[in-house]
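First up is the structure itself, then whatever we jot down about it.
No experiment lies behind these values; they were computed from the predicted model shown.
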Amino acid sequence: MFDLKIERLRLNIDNAAGHEHRLQPIALRAVALLAARLDGELKVTRERWDTIAAEPVDLQLNVMSDEQAADGIATAWADALTGNAGGQH
């Protein structure tokens, strides 16, 4: 068990008009997905936690589901935590 504090979330959102109400549920779901990954397959070393800088996530809410958007955010965070920039798994 550990604490991970997310201080800033940077999202580039295209065509968000009418979708603003979806942002908070998407961010909360992204946190849940990241937590599940941290409990599962991700191998993260403690020294990376203080200097995490995730790549920007582009969301196009007019064509994405909340789950797709949340997964994109969680993947960017996971990639930053594991040093896997660019998402090369």
Derivation and outcome, side chain to side chain contact (heavy atoms under 4.5 Å, CB included), residues T75 and R37: CA-CA 9 Å; T75 298; R37 292 177 189 182; 3.0 Å; yes

Can you tell me how far apart [atom1] ([X]) and [atom2] ([Y]) are? Round to the nearest 0.5 Å.
| X | Y | atom1 | atom2 | answer |
| --- | --- | --- | --- | --- |
| M64 | R22 | CE | CZ | 9.0 Å |
| D39 | L34 | CG | CG | 9.5 Å |
| E55 | D79 | CD | CG | 8.5 Å |
| L23 | D66 | CG | CG | 9.0 Å |

Residues in side-chain contact (heavy atoms from CB on, under 4.5 Å) contact with I73, at least two apart in sequence or another chain: L9, L11, I26, A30, V57, L59, W77

Residues forming a side-chain hydrogen bond (donor to acceptor under 3.5 Å, both in side chains) with [X], sequence neighbours excluded:
| X | result |
| --- | --- |
| R29 | E67 |
| D58 | N12 |
| Q60 | none |

Heavy atoms from other residues, nucleotides or ligands near CD of E20 exceed 12 (cutoff 6.0 Å): yes

